[in-house]
Every structure is written in structure tokens, then in C-alpha cells.
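The structure under discussion appears below in the form of C-alpha cells.
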Amino acid sequence: MRVVLEVLADLRMARRLQPWAQLLEHALQPELLRRPRVAIEAAPLTSLDTETTSLDPMQARLVGISLSVTEHEACYIPLAHRYPGAPEQLGLERVLEKLRPWLQSPRHPKVGQNLKYDAHVLANHGIALEGIEHDTLLQSYVLESHRGHDMEALAERHLGRRTLTYEQVCGKGARQIGFDEVSIERATEYSAEDAEVTLALHQVLWPRVREHDGLRFVYQSIEIPLSRVLFAMERTGVRVDPVLLTAQSRELGERIAALEAQAHQLAGQPFNLGSPKQIGEILFGKLGLPVQKKTASGAPSTDEDVLERLAADFPLPRTLLEHRALSKLKSTYCDKLPAMIRQDTGRVHTTYGQTIAVTGRLASSDPNLQNIPIRTAEGRRIREAFVAPAGSHIVSADYSQIELRIMAHLSDDAGLLEAFAKGQDVHRATAAEVFGVRVDEVSADQRRTAKVINFGLMYGMSAFGLATNLGIGRDEARGYIERYFARYPGVARYMDTTRALAKRQGYVETVFGRRLWLPEINSPNGPRRQGAERAAINAPMQGTAADLIKLAMVATAEWLRRESLGTRLIMQVHDELVFEVPDSELERVRARVPDLMCHVASLKVPLAVDIGAGRNWDQAH
DNA sequence: TAAGTCACG
DNA sequence: ACGTACGTGACTTAT
């Protein structure tokens with residue numbers, strides 16, 4: 001491998017001839033940029049990488065930029081290295097002003113590894129990155145969502161190259177240093193190599209994506225356009241009311257303290273309610289309650305399911321359950337969310353992981369805005385703190401029964417298709433079929449059972465699992481499943497053919513051609529293989545739903561842009577899109593968004609969207 | 001850093 | 001006889 005560290009080489013030579021600053025300024029003259037070695041102006045594609053002070057995209061500041069336009073060649077522009085003896089560098093502002101026209105030009109195509117991050121970094125310095133043509137992270141994800149996508153792994157896997165790692169350069173743990181403390185020589189080796197490897201990876205991965213129409217569609221028409229939608233969502237952030245959450249925290253704290261005292265009373269001794277180990281010692285040791293199940297490591301479980309069963313006969317488990325529920329709300333939401341409000345924007349800015357979930361779904365982190373409570377009244381109060389600024393509303397639009405509709409589409413089952421075509425309540429329809437009663441005779445309990453069956457089926461559930469979940473006998477559960485498959489033979493056929501297809505090709509596909517690999521589908525290890533079989537059943541449904549909402553995000557973002565609306569997409573929660581909408585645009589958004597979401601694709605079933613508006617996220621449902 | 005638990009779709 | 005519902009992220013405790 002030959003990485004030509006152009007700028008560095010020049011600098012080393014130059015150091016004896018002229019000051020750094022002068023030379024670098026010279027290197028950024030347009031005349032020089034037109035030369036092949038640093039010809040980003042003329043290049044059909046330039047690889048770009050930024051080095052920064054932080055992994056947090058909203059607060060990272062630039063330390064340096066690397067570029068590569070030709071195989072085996074790259075340059076590094078040091079900008080803000082600061083360590084004892086660090087040489088003087090070009091002024092950050094002056095370099096960015098020189099590069100601004102190119103960085104902001106859609107006509108100068110760029111490739112990178114996770115350019116959404118670099119776009120944030122540049123945005124932190126007032127630069128709006130344009131021309132994101134390719135991203136090797138997204139290419140790798142589309143090709144192999146189940147494997148790792150970090151640069152070291154990709155270089156090894158696809159190029160057979162061992163690269164300098166971030167850890168080798170910055171260390172790890174307590175001794176880790178900021179990139180601005182790395183010597184310019186070392187930084188150049190690392191960063192220039194990253195830019196150069198990225199270009200090489202693109203040259204290997206892009207042809208592999210391109211050769212399959214489905215993968216190409218998922219990459220070019222879903223993931224690449226989505227990345228800039230996600231960038232905008234992350235940057236916009238969400239307004240969260242810290243006063244409300246802090247008040248809730250104080251109230252919860254008091255109730256938690258009371259529950260703790262009560263638990264100690266019932267146990268006859270103090271113990272740490274946050275410790276499953278200590279809870280186990282009290283319940284199953286001191287009090288001698290029956291062990292219900294064991295954890296993976298063999299310890300007696302104290303999870304919700306166990307405590308719920310014990311609560312029927314003993315008082316302490318109920319107290320523990322309430323304590324757990326309130327502690328979760330307090331620490332994860334009431335205390336953490338206000339701490340994550342950025343002072344400069346007054347909002348929380350999540351990061352959407354576009355290459356985390358193997359099924360094609362997004363993931364949200366720091367903070368996770370995809371697991372905000374909704375199932376209990378207590379929990380829903382958290383959502384009241386997700387508020388609209390004055391003069392605007394929160395609007396929530398969610399797909400109704402999206403995965404069941406996809407199951408109907410994929411299985412081509414006549415009964416299921418008909419239920420959706422007629423706009424029926426599908427759980428009620430299922431109950432009528434399974435219990436052999438008329439639709440209008442279905443009891444609330446029968447509908448609840450049918451709903452569990454429907455969800456269980458989509459997860460590849462067994463009779464045992466259904467029995468456990470419904471609290472019924474295994475024979476009864478098996479009876480329900482048999483009746484279901486008798487009434488919906490298309491679904492039974494789909495399950496069988498999907499398993500068989502997964503075993504034959506090693507992957508399954510979504511409606512749009514996203515490939516979901518199942519490395520353990522032919523494993524000799526029974527439980528592992530069965531796990532892969534269940535994943536094979538579920539993946540096309542979960543994955544197709546992910547494809548659909550991603551297309552909807554791209555479509556709504558494009559509509560908002562074209563219409564020059566002030567409405568902003570602020571969150572995605574798998575089957576739900578959340579917008580912040582100026583009052584003046586409320587009616588247009590309510591009228592158009594469901595239509596856009598429903599018509600991103602035409603399946604054998606209609607898609608349906610529920611939409612609501614309110615001053616906060618809770619009211620928008 | 002792992003384990004256990006629990007928040008969401 | 002065995003294990004037993006898909007996919008995530010984050011918090012706390014314990015090592």
C-alpha cells in the first residue's frame with residue numbers, strides 16, 4: 001500500500017523553506033486544486049473524512065480534514081491540533097472559506113464513511129455539505145446488515161488490509177486522548193488512510209450493490225436520500241419541557257421512597273431494591289417464595305413476569321413491581337432527558353442509527369426517543385413534556401397494523417386480504433375465525449386472545465410461547481394455532497415457504513429487495529437454528545415496514561421542501577412519524593401527510609394512517 | 001464489562 | 001429432552 005501524504009510531504013519539505021501557514025494557503029489555491037493529485041474540483045468523486053474533538057455530532061469541532069480522489073493517494077489538512085510543540089496551522093476559518101464552495105456544491109460528488117456525521121461537524125462550523133453521492137457505511141449495511149461496518153472491519157473484509165485503528169492513534173479508556181492532541185504526523189497517517197480506504201471500499205462495494213436491482217433501489221432510493229432527512233431531523237431536535245419533567249421527578253422520588261420503606265417493612269430488613277440479586281435473596285431465600293424461572297446464568301429470575309405471578313399470593317412482589325416501574329420512569333426519562341437538552345438550541349437531539357438494526361429499522365440513541373413510555377397512564381405523562389413551541393402543534397401520523405398488512409401482502413392469504421380490503425378490525429376478524437363466532441359476537445377476551453395470536457405469528461411463535469403469553473395450557477394454545485392456520489392457509493404456506501427459502505439462499509428479502517441474511521439458518525445447533533427460523537419469518541415483515549416508512553420520510557421531506565413549508569419532521573418511531581407544525585400549516589399537513597404515507601407503494605392491501613395533533617406528543621395521539 | 005431488567009414498535 | 005416471540009437502547013448493580 002502506498003498512501004501518498006501529499007500535504008504532509010509538502011509540509012515536511014516546506015518546513016525548511018517557508019512557514020506552514022503560507023504553504024497551506026498556497027495548496028488551497030484553485031490552480032493547485034486542479035492538479036491531479038489534489039484535484040477535488042475536477043474529480044468525478046472525492047472521498048472526504050473529518051477528524052474532530054468529539055463523537056457527539058452536535059458538539060464536535062473540526063480538527064482536520066482528509067481528502068482522496070485517486071487510489072492510494074490522500075491528503076490531510078490539519079486545522080486545530082493543539083499540543084505542546086504543535087506547529088502553527090492554517091486558520092480554520094480561512095480554510096473552510098476556501099473549501100466552502102466545493103463542500104456546498106451538489107455538483108462535486110462526495111463519498112465517505114458515515115457522511116451524516118461529517119455533515120453535522122461541518123454544519124457546526126456553518127457549512128452545509130452537499131453532493132453526498134455515496135456512503136460506504138450504507139453500502140456495507142445494504143449488502144450485509146448483520147455484520148459490523150466499522151472501517152477497520154470493512155478494510156480487512158473487503159480489501160484484505162489492516163489499517164491503523166482509532167485506538168492505536170488515540171488510546172482507549174482513561175488514557176485516551178482527543179484527536180487534537182494527536183501529532184500531525186500520526187494524524188496524517190491515520191486520517192489520510194481513512195480517506196483513501198474509503199475510496200477503495202467504494203470501488204469494491206458499489207459494484208456489488210449496483211449489480212442487484214433490489215439492493216440498488218434500497219441503497220439509492222431509500223438509504224442515501226434518507227440519510228439527509230435523518231441529518232435534518234437530528235439537527236432540528238425536539239423541544240422537551242424540563243420544568244415539567246423535574247416536577248414529575250420530584251413527585252416520583254417521594255413515591256419511590258415510600259415504596260422502598262414499605263418493601264423494607266415487608267422484608268423485615270433493609271435491602272437495595274435496585275439489585276435483582278438482593279431481591280432474589282429476600283424473596284427466595286429469607287421469605288422462601290417459590291422460584292418461578294431462572295435467568296440465563298442460572299440465578300432465580302425476579303423479572304416482571306415472575307413478580308406478577310408471586311403478587312397473587314404475597315404482598316412484597318407488588319411493592320417491588322411498583323417501585324421498579326416508577327424508578328424506571330424517574331431515572332431513564334424524568335432525570336435524563338432534561339440533562340440532555342442542549343443549551344444552545346434548548347432541545348434534545350437524538351442520533352438515528354441507520355446501520356444498527358439487522359432488519360432495516362432505524363435505532364435512536366443519546367437519547368433514545370423510540371422508547372418513550374406510552375403503555376401506562378404514569379408513563380404517558382412523560383410524553384406531555386414533548387411539547388410544541390408557541391404557535392405550533394405536535395402532529396403524529398402512524399401506520400395502522402402495518403406489519404399485519406404486510407403479512408397479508410406477502411402471504412397472499414385470501415381471508416386476511418379480504419379483512420383489510422373491507423376495512424375490518426383484523427383482530428376481531430381473526431377472533432371470529434378462530435373461535436367460530438360471528439364478527440359481532442366476538443367478546444373482548446376473544447379479541448385480546450386473537451391479537452396475541454396475530455402478533456405471535458409474526459414472531460414465529462410456538463404453542464409453548466403462546467401458552468406462556470396467554471397463561472393457558474399448551475394443548476389449548478396448539479388448538480388455537482391449528483384453527484388459525486386452517487382458516488388462513490395462505491399464512492401457513494407463507495411460513496413454510498419462507499423458512500425453506502431462507503435455508504436455501506441464506507437470506508430473505510423485503511418487498512423492495514432489501515436482503516436480510518441469516519447466518520445460523522442451517523446451524524447444527526438446534527436452538528440457534530430455530531432462532532434463525534423465527535427471525536426469517538419476522539424479518540420480511542419488520543423489514544418491509546421499515547422500507548415503507550423510510551420511503552414515507554423521504555416523500556414527506558421532499559413535499560415539505562417543495563412547498564417551502566415550515567413544518568419539520570422531528571421523530572420516527574418505527575411506524576410513526578412526528579412533526580412540529582406551525583399552526584398555519586396544520587390543515588395542509590393533516591390532509592397531505594397520510595396520503596403521502598399511504599401511497600409510497602401499492603401493496604395487495606391498502607395502507608392506513610391515523611393522524612392527530614396537540615400541544616404535546618401525548619395529546620397528538 | 002456483563003448481567004438483569006424494562007422502556008418502545 | 002430441550003428451548004421456546006422479532007427488533008432495539010439505557011439504566012443499575014456487581015465484578
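Below, chains carry the letters A, B, ... as their sequence lines are ordered, and counting in each starts from 1.
Within residues 272-294 of chain A, the residues that have a heavy atom under 4.0 Å from DNA chain C are, in order of number, A/N272, A/G274, A/S275, A/K277, A/Q278. Near-neighbour residues of DNA chain B inside residues 328-339 of chain A, defined by a heavy atom below 4.0 Å, number-ordered: A/K328, A/Y333. Interface residues of residues 141-149 of chain A facing DNA chain B, ordered by number: none; criterion, heavy-atom separation under 4.0 Å. Against DNA chain C, the stretch residues 308-321 of chain A makes no heavy-atom approach under 4.0 Å. For the segment residues 481-498 of chain A, the set of residues with a heavy atom within less than 4.0 Å of an atom of DNA chain B is empty. Using a 4.0 Å cutoff on non-hydrogen atoms, no part of residues 545-552 of chain A comes near DNA chain C.
Between A/S301 and B/dG4 there is no side-chain N or O to OP1 or OP2 distance below 4.0 Å. One finds a side-chain N or O of A/R375 lying less than 4.0 angstrom from the OP1 or OP2 phosphate oxygen of B/dG9. For C/dT8, the OP1/OP2 oxygens have no side-chain nitrogen or oxygen of A/R361 closer than 4.0 Å.
Residues forming a salt bridge (Lys or Arg N to Asp or Glu O under 4.0 Å) with A/R534 (at least two apart in sequence, or on another chain): none. A/D610 pairs by the salt bridge (Lys or Arg N to Asp or Glu O under 4.0 Å) definition with nothing, not counting sequence neighbours. Looking at residues two or more places apart in sequence or on another chain, you find a salt bridge (Lys or Arg N to Asp or Glu O under 4.0 Å) between A/K330 and A/D335. Every salt bridge (Lys or Arg N to Asp or Glu O under 4.0 Å) that A/R381 has, sequence neighbours left out, goes to A/E251, A/E378.
Within the 4.5 Å cutoff, the side chain of A/V452 has heavy atoms near those of the A/L466 side chain. The shortest side-chain heavy-atom distance between A/T556 and A/F579 falls under the 4.5 Å cut-off.
At a cut-off of 3.5 angstrom, the base of B/dC6 holds no donor-acceptor pair with the side chain of A/E304. No N or O donor and acceptor, one from the side chain of A/R324 and one from the base of C/dT12, sit under 3.5 Å apart.
Ring planes of A/F512 and A/F217: parallel class, angle under 30° (limits at 30 and 60°).
The strand DNA chain C forms stems, runs of 3 or more Watson-Crick or G-U wobble pairs with distances below 3.5 Å, at B:1-9 with C:6-14.
On the P atoms, C/dT4 is 16 Å away from B/dA3, given to the nearest whole Å.
Summarising the geometry, the separation between CG on A/L326 and P on B/dA7 is reported as 10 Å, rounded to the nearest angstrom.
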Show which side-chain atoms of residues 486-494 of chain A pair as donor or acceptor with protein atoms under 3.5 Å away, not counting sequence neighbours.
none

